[in-house]
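Take a look at the structure set out below.
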Number of protein chains: 2
Amino acid sequence: MKRKITIRDVAKKAGLSVSTVSLITNNKPNVNDETRRKVLEIIKQLGYHAQRSARGLASQSSGNIGFILTEDHFSQAEPFYTKIFLGTEFEARNHNFYILLTTVGWTLKDHNQVPRFLLEHNVDGVIIAGKIGASWVDYIHEQNLPLILIDYELPRHRVSTVGMDNRTGIKLVVEHLRRGGHTKIGFIGGDVHHPSIAERFASYRDTLSAGGISIVNQWIAVGEANTSLSDGYEAAKKIFSMNGERPTAVVCANDAMALGCMKFLKETGVAIPGDVAIVGFDNIEAGLHVEPRLTTVNVHREEMGGIAVRRLVEMIKDQSAVLTKTLTPVELIVRDSCGVKEDVSD
Amino acid sequence: MKRKITIRDVAKKAGLSVSTVSLITNNKPNVNDETRRKVLEIIKQLGYHAQRSARGLASQSSGNIGFILTEDHFSQAEPFYTKIFLGTEFEARNHNFYILLTTVGWTLKDHNQVPRFLLEHNVDGVIIAGKIGASWVDYIHEQNLPLILIDYELPRHRVSTVGMDNRTGIKLVVEHLRRGGHTKIGFIGGDVHHPSIAERFASYRDTLSAGGISIVNQWIAVGEANTSLSDGYEAAKKIFSMNGERPTAVVCANDAMALGCMKFLKETGVAIPGDVAIVGFDNIEAGLHVEPRLTTVNVHREEMGGIAVRRLVEMIKDQSAVLTKTLTPVELIVRDSCGVKEDVSD
DNA sequence: TAATTTAATTGAAACGTTTCGATTAAAGAA
DNA sequence: TTCTTTAATCGAAACGTTTCAATTAAATTA
């Protein structure tokens with residue numbers, strides 16, 4: 001078992017002090033060019049690389065970023081947050097950070113629910129994705145750790161966020177449907193307490209109003225506890241089991257619910273998009289494989305993760321960094337479930 | 001900015017030496033019960049927790065596990081390896097480890113392609129998922145690091161692996177089709193250099209032979225470079241553009257290719273399962289949403305990751321641990337694309 | 001030439017643990 | 001009582017860096 005190579009070995013071989021070598025590996029100024037070149041050469045030759053834990057101890061930094069998800073978000077079948085996570089992983093590499101992932105309960109009650117990476121001071125900053133209890137945000141602020149929220153926000157808290165342009169997304173959807181002649185447009189929202197869902201719902205109402213289309217409460221289902229496929233199924237059942245006039249189009253706050261809605265309609269023999277047009281939001285994989293293929297709004301999930309990491313790294317390197325709110329753009333993806341062709345003119 | 005609480009604070013408050021406190025936090029023997037109780041109380045009261053980097057430096061361990069994927073596996077749309085990764089994440093938490101993920105090129109040529117966590121001695125063991133160049137395995141062995149391979153193996157190398165029971169999976173598929181009356185059974189394999197695909201292919205041939213069904217080379221497509229949806233599409237085109245007799249069933253080496261195959265058949269007006277039965281392997285989400293729903297073989301992806309972590313942790317704690325090869329079970333999931341009902345008798 | 005500034009290098013402390021040989025106190029054996 | 005063993009605790013070194021004040025040497029100014 002060959003011994004690990006340490007900075008001491010490099011210093012010795014170079015005939016210099018350890019501190020000079022350290023200055024060089026961290027490429028700090030005030031080192032003679034020739035010395036630097038020579039030491040770099042030796043480092044390469046010896047295959048030296050500073051050990052993370054020693055570095056961390058001395059400089060009180062870990063080189064890690066904590067990524068926190070609530071348990072229910074993590075275990076969700078649809079990999080919405082997974083994609084965000086992978087985006088952070090990818091970007092983190094560019095900044096020489098690693099991501100430590102963990103899940104937590106909805107609120108922080110007990111001290112021994114705190115993720116180990118926080119207790120062990122093993123992260124330099126934290127990213128939280130999705131709706132979460134404010135107590136977590138408070139806790140992380142107390143630890144003086146830089147923090148970014150993805151796809152969530154807390155109005156009362158001073159915290160940087162990365163989100164997506166929900167309002168524009170729904171606006172594009174509604175206007176597209178209207179252009180296709182639809183004026184009876186329903187909405188399936190699920191859990192409208194989630195800020196993104198709430199924004200989508202608000203934008204639905206605003207855009208209808210702005211277009212002079214009346215809002216019919218019987219065509220709106222926003223009471224469900226969650227935003228999963230089965231919630232969409234139940235919501236559709238509610239809307240389409242009513243007597244009276246039916247909507248000719250339904251805007252769903254996400255693709256999962258749109259798929260659930262389609263499932264119900266298919267089972268009851270309603271033609272899509274013939275009888276009812278369906279539109280989703282998020283552009284998940286499954287929307288591509290369903291029949292008819294789902295018209296939806298694309299969200300740059302990986303990119304959201306990437307941006308969050310960039311912001312966080314700025315905050316880590318410059319503790320004075322300013323508060324930011326970043327919105328990533330979205331775009332309408334017209335497929336078959338809405339029955340309206342992509343507009344050439346406009 | 002309140003100072004971090006260190007072991008020294010605990011020792012002072014308890015009127016004991018630092019070493020005794022350390023013995024307690026690592027619950028080592030030879031400590032008086034009363035002392036232990038008292039110190040634990042103080043630790044709780046102070047909210048003390050050992051800092052990872054200090055611990056790591058002193059004990060020469062990181063508390064991290066490295067997870068390596070090749071770039072192409074990582075960027076693959078279908079989250080096969082993502083699921084495995086999440087499985088490792090989940091299990092790692094139970095053992096107080098964190099996973100550091102990275103991607104690498106196919107082979108290790110250049111020293112500066114080595115993942116940072118290896119250079120920095122920042123992992124206690126490594127998991128590699130999927131096909132990868134042998135040079136990586138060699139490199140990790142040189143570093144004396146415990147290693148587990150998931151869904152891959154290298155016959156010439158002494159390394160523990162976690163895989164799935166590919167042979168049984170395909171056997172179940174073929175026998176199911178045969179029970180449904182099929183005797184003209186094709187196979188789409190894609191990249192048969194991948195050991196799992198190769199096993200599936202071999203099992204296809206073996207099971208046909210064992211069942212007295214003849215193997216028709218025109219119905220077999222195994223030349224493709226990869227195993228993605230488009231490879232399945234192309235493979236189907238090859239098989240069904242031939243003159244002469246056609247198969248009545250096609251076994252696909254994974255779901256992605258099965259979906260590609262279905263796409264081609266639908267486009268050319270072939271009825272599924274009426275004219276041709278299709279079966280996949282892997283049980284990916286998308287198979288549930290396609291019409292008809294895909295019959296497939298379920299693979300416990302998260303569990304494979306979990307088992308790999310358990311094995312690896314054993315190796316980390318006990319360097320003398322023996323070489324293991326673990327196969328996870330698979331099961332046939334009968335849905336609609338095969339046109340054969342689940343057998344009640346047998 | 002002497003005094004001052006600047007650039008390069010260094011020694012030593014600090015970071016917070018673990019670990020191991022040494023020490024002390026208590027218990028048991030002779 | 002004295003010697004030996006065992007249990008509990010401790011002191012100090014070690015882990016491999018970074019960082020900062022101090023030193024030395026060289027360059028510049030007076």
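Here is how names work: the chains are called A, B, and so on, in the same order as the sequence lines, proteins then strands, and each is numbered from 1. Everything numeric in this text was worked out from a predicted model, so none of it was measured.
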ask   = Does the side chain of B:T70 reach to within under 4.5 Å of the side chain of B:W136, using non-hydrogen atoms?
value = no
ask   = Does some side-chain heavy atom of A:M315 sit less than 4.5 Å from a side-chain heavy atom of A:I148?
value = yes
B:F90, CZ: over 12 other non-hydrogen atoms inside 6.0 angstrom = no
message = Do the side chains of B:K38 and B:E41 get close enough for a salt bridge, i.e. N-O under 4.0 angstrom?
response = no
Short N/O separations, protein against nucleotides 23-25 of chain C, under 3.5 angstrom:
none

inquiry  = Within this structure, what is the CG-CD1 distance for the pair A:L145 and A:I65, rounded to the nearest 0.5 Å?
reply    = 11.5 Å
request  = Remember a base hit wins even if backbone is also touched, and classify A:T6 as base, sugar-phosphate or nothing at under 4.0 Å, heavy atoms.
outcome  = sugar-phosphate
Write out a two-atom table: protein N or O, nucleotide N or O from nucleotides 5-11 of chain C, distance below 3.5 Å.
residue: C:dT9; atom: OP1; partner: A:T35; partner atom: OG1; Å: 2.8
residue: C:dT9; atom: OP2; partner: A:N32; partner atom: N; Å: 3.2
residue: C:dT10; atom: OP2; partner: A:S17; partner atom: N; Å: 2.8
residue: C:dT10; atom: OP2; partner: A:S17; partner atom: OG; Å: 3.3
residue: C:dT10; atom: OP2; partner: A:T20; partner atom: OG1; Å: 2.9
residue: C:dG11; atom: N7; partner: A:S19; partner atom: OG; Å: 3.1
residue: C:dG11; atom: O6; partner: A:S19; partner atom: OG; Å: 3.0

inquiry  = Test side-chain contact (heavy atoms from CB on, under 4.5 Å) on A:I128 and A:I140; report intermediate values, then the result.
reply    = CA-CA 10 Å; A:I128 299 181; A:I140 290 159; 3.9 Å; yes
request  = Starting from the first five and the last five pairs of the helix from C:dT1-D:dA30 to C:dA30-D:dT1, work out the angle between the resulting helix axes, to 10 degrees.
outcome  = 50°
request  = Assign the ring pair A:Y152 / A:H194 to parallel, tilted or perpendicular, where the plane angle (0 to 90°) is split at 30° and 60°.
outcome  = perpendicular
key: Partner residues of B:A11 under the side chain to side chain contact (heavy atoms under 4.5 Å, CB included) criterion, sequence neighbours left out   = B:V18, B:V21
Can you give each donor-acceptor pair under 3.5 Å made by side-chain atoms of residues 50-57 of chain A, sequence neighbours left out, with the distance rounded to 0.1 Å?
residue: A:R52; atom: NE; partner: A:S62; partner atom: O; Å: 3.3
residue: A:R52; atom: NH2; partner: A:S61; partner atom: O; Å: 3.2
residue: A:R52; atom: NH2; partner: A:S61; partner atom: OG; Å: 3.4

inquiry  = Does A:K325, at its NZ atom, have more than 12 non-hydrogen atoms belonging to other residues, nucleotides or ligands within less than 6.0 Å?
reply    = yes
message = Show, in sequence, the C-alpha distance, side-chain angles and deciding distance for A:L101 and A:E89, and conclude whether the side-chain contact (heavy atoms from CB on, under 4.5 Å) test is met.
response = CA-CA 10 Å; A:L101 172 66; A:E89 273 289 349; over 6 Å; no
ask   = Can you pull the contact range of chain A along DNA chain D, 5' to 3', using atoms under 4.0 angstrom from its heavy atoms?
value = D:dG16 to D:dT19
task = Would you mind reporting whether A:M164 and A:D151 have side-chain heavy atoms less than 4.5 Å apart?
result = yes
